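Values in this document were obtained by computation on a predicted structure and should not be read as measured data. The chains referred to below are lettered A, B, ... by the order of the sequence lines, with proteins before strands, and numbering in each begins at 1.
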Amino acid sequence: MKNEDIALKYSPQDIEDKWYKHWLDKNYFHSEPDDREPYCIVIPPPNVTGVLHMGHMLNNTIQDVLVRRARMQGKNACWVPGTDHASIATEAKVVAKLKEEGIDKKDLARDEFLKHAWEWKEKHGGIILEQLKKLGASCDWERTMFTMDEDLYESVIDVFIDLYEKGLIYRGVRMVNWDPSALTAVSDEEVIHKEIQSKLYHIKYPIVDNTRHCGLDPQPPHSVDSGFRRNDGTVVCNDEYITIATTRPETILGDTAVCCHPEDERFLHLKGKSVLIPLVNREIPIIFDEYVDREFGTGCLKITPAHDVNDYHIGIKHKLPSIDIFNDNGTIHEKIGLYAGKDRFVVRKEIAKDLENAGFLAKIEDYVNKVGFSERTDAVIEPKLSLQWFLKMENLAKPALDVVMDDTIQFHPTKFKNTYRHWMENVKDWCISRQLWWGQRIPAFYAPNGDFVVAKTKEEALAKMNSMGYCKNPLQINDLKQDEDVLDTWFSSWLWPISVFDGIRNPNNENIRYYYPTNDLVTAPEILFFWVARMIVAGLEYQKEIPFKNVYLTGIVRDKIGRKMSKSLGNSPDPLDLIKIYGADGVRVGMLLTSPAGNDLPFDKSLCEQGRNFCNKIWNAMRLVNGWEVSQTIEQPEYAKVSIDWFDAKLNEQITIIEDHFAKYRLSDALMTTYKLVWDDFCSWYLEMIKPAYLQPIDAITHQKTIEFFDKLAQLLHPFMPFITEEIWHILGEKKEDIIISNMPKSVSFDKSLIDKFDIAQHVITEIRTIRKEKNIPQKEAIILFVKKNNEQPETLFDSVVQKICNLEKIEYISQKLENASTFIVKSTEFFIPLGDKIDKDVEKTKLLADLKQAENLLRSTQAKLSNERFVSSASEQVIAMERKKQSDAQQKIDVITKQLEQLN
RNA sequence: GGGAGCUUAGCUCAGUUGGUUUAGAGCACCUGCCUUACAAGCAGGGGGUCGUGGGUUCAAAUCCCUCAGCUCCCACCA
């Protein structure tokens, strides 16, 4: 392509869709098992109803970098995309949408509701996958999966049955986290505890004195104005109370005891007595348990086993009854009588008032406590006793812990091993049932008498049930009812690395054998337990092998002032808008520039700007090279020859470093190394070194080598910046293949001395530039450089380059000092630029004095070390030799400077 | 309440088993440049008592302890 036809600025819109379509047409993203080494990533499936946010952008950029690099390394790269049915979130969305249409979920049958849900999924689901294409994600779209696809559904059911038959799944009444808004149990991990400003209510419970009788008639039950007699004749005294403190006065309706510490002398005399619940007038015992903190509140605690986890455990210990006072939606149950049908928060206010009016409220304190909220609906979680399905975790967790601790699976960064261990060592049984419709329905079937069997189909269940002789008369198919609950979403996603290859149903199929275990998993630390840990468990249980070898944990994308990006704060930019403005490559670079694994990414659009600027820099370098006229006849200049040798060495040196960064999953460092290699070494140095004069042609050899370098750089950049690199790869020359499937350059041995020698030349050039600037000598004006040999032989290899870059008339080697010249020293070689009357002795002197001071400091420190006997006797020879060299260098420099100063005076 | 981690330039971070001159990078900043690839740029430059106070050592950003500050995870103090 001619430069006239190339945009002056890189314009991403023009090429991104073109290349993405091209890659799809060529089917580059698709993978089938073959003889090559596989490289596989399964995507953390985003919610099917989700839209792309910055977290996805970061996460998927990282995955794409890894996949594209692996593909270019000749591996059979396979990135499996897909979405998660996200039962609570999706069901909530569908319910909300139906509500807008005036339909109440309650009025729908299960089938009808699911029909709506599937319609919704077909319509809105998978938007996010389309969005991933915009950022360049090279997923194998032919393998796109959904956790509710038929075969994945079946895998989940198979696993449930298997675990049930192994005795690992059980059904039982437990205290669960109840979401009164979504009307379902949620796992511990889905509860977010927040500090809340609330109140601590001190409530007086009248003590029942079984020893006193009086002849009064019973008083109205809601009053304690005077003592009153109960039905059995015992009397409650109005002057004896026990006061408890609670944040939830409404739960007194479900109290079944009051509890004190067994060594608390304040209450010991109450042993064996009981109290009446205010307003309710139900008698409950006073019990004693060491759980009670004597210092807190009144030192006395009410026990409501149905509505508090601690109380629940105390209730079991003391064999207390449990009274559930709430309906599922958080209102008071009709059977309670008082406050029936009213919401828990309404009742809290009302009951406080009623208690006060009746004289039972001692006081109200302000109090900060932690309250659990549902991650999905933000409703206050209600601890609730309910009948749920559980998976026993203890034995499953052990091997999953081991493979991480012994680095069979590596976490990047490793600090997450600690967190993981802590969780796995304290793992609790997993509540896997959810009271929802959108999900895999639990394959348990109930007979009319309540007995149940677990089976894949109703027919199998029937056969099982009858063969086991549960009922006297054989059951008919219609007698069986399937469990209404579905499984926790994570109970399907924990199989993801297996089920996407159908490894549960067909454990030996070609795909699972080839791709499993997968290589890298890229995900957020928040779901280390929800998902990563459980995938490891499932992998070991069902494949007898780890699901992935490396886990790359990303950070959280935050805004400039450190807040987590979220919809509700409105502080999250739309990644697609960013892509429109800065280009996909620009945004990808922006995301990766400052996000080492495990570190939060403080995002600012200036990062994308930097990425975009980098694109433009590459683009312009391409335009420069592309615009050169190539001459087959002119000879290759000396400066070009040495420049090529140098850059070749530099390139290989940097490739080694980049490879090392990738091996350690330091993607930001790998990108930054590449960035500097391209911008600084290639553009700022190499291209300037070989660039022919304006409108002059370039020799064919140099041109050829330059194109080769540029191609290699484009290849190194491709995983980070797929679009622009594919474009310039093709503009720079006819290519047999596309860059996306080309072979990634590998490091080869290189001559390090070339790099060191050029390092000196770079210093010389910088010094000359500084002098030109200070003395206002325009670049166009040629100058002469004199070099004085001192002890060292001056390095001359890059003289032609120095001469060209600095516009030197010539470089002359002399043995005497030069008067009236600006001077500088590199190593111990002295350089002079004659300035005639432009020389300002005072300026030169100041400069020299500063250098002198520095050298003297250095000399002093080395001398101090070397004259220290203990240093000389303890330090290694190498260190001492280095120190000696430092000393002599410093001394030499001091000598040179001193002589120059003498001349100036 | 328990556990883990962090603290290096204005910002975000490197700094490998203690020893490479004066602790590095990117961005930001300052100065000068519209020098025909690029002002989304070029050239040059300034900036850090490595959180505090101790200790070990010939030698500490690096190892040990103290304190302070921050972050995350776990946990049911009503």
Pair of N/O donor and acceptor under 3.5 Å linking A37(B) base with Glu688(A) side chain: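 Indeed, a donor on one side and an acceptor on the other fall under 3.5 Å apart.
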Determine whether a donor-acceptor pair (one donor, one acceptor, N or O, separation below 3.5 Å) exists between the side chain of Arg769(A) and the base of A43(B).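 There is none.
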Looking at [X] and [Y], what are the two nearest heavy atoms and their distance?
X	Y	value
Arg558(A)	Lys564(A)	NH1-N, 3.7 Å
Thr247(A)	Ser198(A)	CG2-OG, 4.5 Å
Leu578(A)	Phe603(A)	CD1-CZ, 3.7 Å
Ala714(A)	Ile728(A)	CB-CD1, 4.2 Å
Glu425(A)	Leu401(A)	CG-CD2, 3.8 Å

Once you apply a heavy-atom cut-off of 4.0 Å, does [X] come out as touching a base, just sugar-phosphate, or nothing?
X	answer
Arg772(A)	nothing
Val879(A)	base
Asn310(A)	base
Lys9(A)	base
Phe614(A)	nothing
Ser861(A)	sugar-phosphate
Cys615(A)	nothing
Ser874(A)	base
Gln779(A)	nothing

For the pair made of [atom1] in [X] and [atom2] in [N], what is the distance, rounded to whole Å?
X	N	atom1	atom2	result
Ile724(A)	A40(B)	CD1	C1'	12 Å
Trp679(A)	G41(B)	CH2	C1'	8 Å
Met882(A)	U21(B)	CE	C1'	10 Å
Lys691(A)	C42(B)	NZ	P	11 Å
Gln762(A)	G44(B)	CD	P	10 Å
Ile658(A)	A25(B)	CD1	P	18 Å
Glu774(A)	G46(B)	CD	P	11 Å
Arg612(A)	G26(B)	CZ	P	20 Å

Among [options], which is the nearest nucleotide to the side chain of [X]?
X	options	value
Ser684(A)	C72(B), U21(B), A43(B)	A43(B)
Asn613(A)	A4(B), G41(B), A78(B)	G41(B)
Asn620(A)	C58(B), A37(B), G19(B)	A37(B)
Asp293(A)	C77(B), G26(B), A37(B)	C77(B)
Val292(A)	U12(B), A78(B), A40(B)	A78(B)
Phe296(A)	A40(B), C77(B), G26(B)	C77(B)
Lys773(A)	A75(B), A43(B), A78(B)	A43(B)
Thr247(A)	G19(B), A78(B), C76(B)	A78(B)
Lys676(A)	A25(B), A40(B), C76(B)	A25(B)
Leu624(A)	A37(B), C74(B), U36(B)	A37(B)

Does [N] have its OP1 or OP2 closer than 4.0 Å to a side-chain nitrogen or oxygen of [X]?
X	N	answer
Asn369(A)	C77(B)	no
Lys780(A)	U35(B)	no
Tyr675(A)	C27(B)	yes
Lys617(A)	C42(B)	yes
Arg248(A)	C77(B)	no
Tyr291(A)	C77(B)	no
Arg623(A)	A37(B)	no
Thr766(A)	G44(B)	yes
Asn599(A)	C13(B)	yes

Look at the rings of Phe682(A) and Tyr686(A) and say which category their plane angle falls in: under 30° parallel, 30 to 60° tilted, over 60° perpendicular.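 Parallel, since the angle between the ring planes stays under 30°.
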Report the relative orientation of the aromatic rings in His703(A) and Trp628(A); use parallel for angles under 30°, tilted for 30 to 60°, perpendicular for over 60°.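 The arrangement is perpendicular - the two ring planes meet at more than 60°.
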Determine the Euclidean distance between corresponding [atom1] atoms of [M] and [N]; express it in Å to zero decimal places.
N	M	atom1	value
G55(B)	U62(B)	P	14 Å
G5(B)	U20(B)	C1'	31 Å
U57(B)	C64(B)	C1'	12 Å
A14(B)	U7(B)	C1'	15 Å
G46(B)	C38(B)	P	29 Å
G48(B)	A23(B)	P	11 Å
G47(B)	U31(B)	P	16 Å
G18(B)	C58(B)	C1'	12 Å

In the structure shown, which nucleotide is the Watson-Crick or G-U wobble counterpart of [N], with both distances under 3.5 Å?
N	value
A43(B)	U31(B)
G26(B)	C11(B)
G5(B)	C70(B)
U62(B)	none

Under 4.5 Å between any side-chain heavy atoms of Leu301(A) and Ile244(A), yes or no?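 Sidechains of Ile244(A) and Leu301(A): no contact.
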Arg772(A) side chain to Cys806(A) backbone, donor-acceptor under 3.5 Å: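 At least one qualifying donor-acceptor pair exists.
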Name the residue closer to the 5' end of RNA chain B, choosing between Asn418(A) and Arg294(A) according to the nucleotide with the nearest heavy atom.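 Result: Asn418(A).
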Below 4.0 angstrom, N of the basic side chain to O of the carboxylate: do Lys363(A) and Glu365(A) qualify?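 Yes, charged N to carboxylate O under 4.0 Å.
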